[in-house]
Amino acid sequence: MKKIFYLIIFMFPFIAFSQSQDYLGKWRNSDTTELVEIISDTIYYYEIVDSCYNLDKIPFTDSGNNTLTLSVAGQSYPVNYTLQDGNSVLNMTSAFDNATYYSYDFTIDDYEPCSDSSNTNSNYQGKWKTTSPVLMYLEFTTDSVFVYRFDSVGCYTLNYLTCSDQGNSQLLISGVITTNYTLSDNGEEMAIDIVGLGDLELERYDFNPDQWVECTYNWKCNTTTGCEEVGLLEGNFNNQQDCQAACQIDTTTIQEYILDIDIYPNPFSDYATLDFKDKVNSYQLYDVYGRLLLSKSVSNSVEYLHKGSLSQGVYFLQFIGDKKASRVRVVME
């Protein structure tokens with residue numbers, strides 16, 4: 001069976017055998033397409049393809065009772081094993097797969113690494129953080145990628161896309177888009193282009209979303225009654241404080257006194273210059289759904305709005321001064 005170590009989720013009940021480390025050594029499957037070398041803490045899994053090999057290195061611990069606990073993509077999975085025929089036959093069992101290996105004293109030097117072998121076999125799986133100015137955290141599993149993005153108030157929004165490994169360092173995203181990825185030699189850095197997210201430079205990072213606050217966007221500014229809670233993801237603001245900060249300007253005053261601001265170029269593909277002729281205290285960027293994407297205090301007469309990883313489309317900038325405010329439509333190409 002191919003790649004049994006990536007199919008393990010839950011184990012069948014298994015009869016415990018006496019403790020043994022006779023699983024250590026070199027093994028092969030019946031047709032010699034899989035070679036396995038097991039040392040004290042790592043399983044070296046070689047997939048032979050036309051006289052070359054792809055390699056996976058899988059750390060493990062011996063949990064006793066004929067169970068090895070494998071570490072795959074940051075998660076721990078138990079695998080049951082038995083030894084038969086004078087410890088020359090090794091059986092590995094899980095709920096979704098099982099495999100039989102035979103003692104085999106191979107020499108891997110007889111094979112050449114396949115091209116890009118370090119960039120295949122699900123090495124992309126795990127947790128990552130962007131190294132670009134736009135902060136995002138991504139977690140790749142066998143069938144999904146979870147994307148955590150932070151807005152200006154420090155909460156995150158979570159999106160997920162389906163993905164499947166197509167081999168040759170390619171992933172199929174959302175069932176329709178194929179994208180290439182590259183891994184560094186030690187597998188600690190990755191570059192990938194995902195539609196909607198852009199070109200991403202990633203580094204491995206063991207984050208914990210349980211320590212973060214998820215955005216709720218359950219507050220909305222009512223120009224007559226003030227800020228009110230309208231339900232999960234129904235508003236524009238994550239909390240009452242952010243809502244009040246943007247809602248405190250009287251809309252009739254806004255209509256009478258418009259801030260003098262130049263924005264160029266507009267549309268823009270990289271960044272736009274915000275040239276303040278009047279005094280501006282802060283500005284906010286919203287998408288067409290009214291969701292707050294950016295909020296920033298202003299201390300200079302010129303600011304720069306970068307597109308970063310934002311998608312093409314229409315956005316709105318709201319500028320707030322002492323007694324004036326403006327709302328301007330911008331287009332990102």
Atom of [X], atom of [Y] and distance for their closest heavy-atom approach:
X	Y	result
Thr67	Pro78	CG2-CB, 3.8 Å
Phe276	Val302	CD1-N, 4.3 Å
Arg149	Asn159	NH2-OD1, 4.1 Å
Tyr181	Gln170	CE2-N, 3.8 Å
Asn281	Gly321	ND2-C, 3.2 Å
Tyr124	Leu183	N-CD1, 4.1 Å

If only side-chain N and O atoms count, and only distance matters, is there a donor-acceptor pair under 3.5 Å linking [Y] with [X]?
X	Y	answer
Asn180	Ser169	no
Tyr101	Glu34	yes
Asp193	Thr179	no
Tyr102	Asn29	no

Candidate pair Thr162 and Ile173, rule side-chain contact (heavy atoms from CB on, under 4.5 Å), full reasoning: CA-CA 6 Å; Thr162 61; Ile173 304 295; over 6 Å; no
Mutual orientation of the aromatic rings belonging to Tyr44 and Tyr46 [parallel < 30°, tilted 30-60°, perpendicular > 60°]: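 Geometry flag for Tyr46 against Tyr44: parallel rings.
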Parallel, tilted or perpendicular: rings of Tyr156 and Trp212 (30°, 60°):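 Ring orientation of Trp212 relative to Tyr156: perpendicular.
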Residue list, side chain to side chain donor-acceptor pair (under 3.5 Å) with [X], at least two apart or on another chain:
X	result
Asn186	Ser184
Asp206	none
Ser103	none
Ser144	none

Just by distance, do the side chain of [X] and the backbone of [Y] share a donor-acceptor pair under 3.5 Å?
X	Y	answer
Arg204	Lys127	no
Thr130	Met136	yes
Asp62	Gly64	yes

Side-chain contact, heavy-atom cut-off 4.5 Å: [X] with [Y]?
X	Y	result
Lys26	Tyr104	no
Leu197	Leu138	yes
Thr82	Thr93	no

Counterpart residues, salt bridge (charged side-chain N to carboxylate O under 4.0 Å, His left out), relative to Glu303 (two or more places apart): Lys296
Linked, directly or transitively: [X] and [Y] (ILVMFWY side chains, under 4.5 Å):
X	Y	value
Leu35	Val49	no
Leu135	Tyr160	yes
Val230	Tyr217	no
Leu90	Leu24	yes

Spacing of NZ belonging to Lys279 relative to OG belonging to Ser301, to within rounding of 0.5 Å: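 One finds 12.0 Å between NZ of Lys279 and OG of Ser301.
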Could you tabulate the donor-acceptor pairs under 3.5 Å formed by side-chain atoms of residues 259-274, not counting sequence neighbours?
{"residue": "Asn266", "atom": "OD1", "partner": "Val331", "partner atom": "N", "Å": "3.0"}
{"residue": "Asn266", "atom": "ND2", "partner": "Arg329", "partner atom": "O", "Å": "3.1"}

Heavy atoms from other residues, nucleotides or ligands near CD of Glu214 exceed 12 (cutoff 6.0 Å):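 Atom CD in Glu214 is crowded, with more than 12 foreign heavy atoms closer than 6.0 Å.
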For [X] and [Y], I'd like to know if the aromatic rings sit close, meaning centre-to-centre distance below 6.0 Å.
X	Y	value
Phe106	Trp27	no
Trp128	Phe207	no
Tyr286	Tyr315	no
Tyr111	Tyr53	no

Trace of the side-chain hydrogen bond (donor to acceptor under 3.5 Å, both in side chains) decision for Ser63 with Thr69: CA-CA 6 Å; Ser63 301; Thr69 302; 2.4 Å; yes
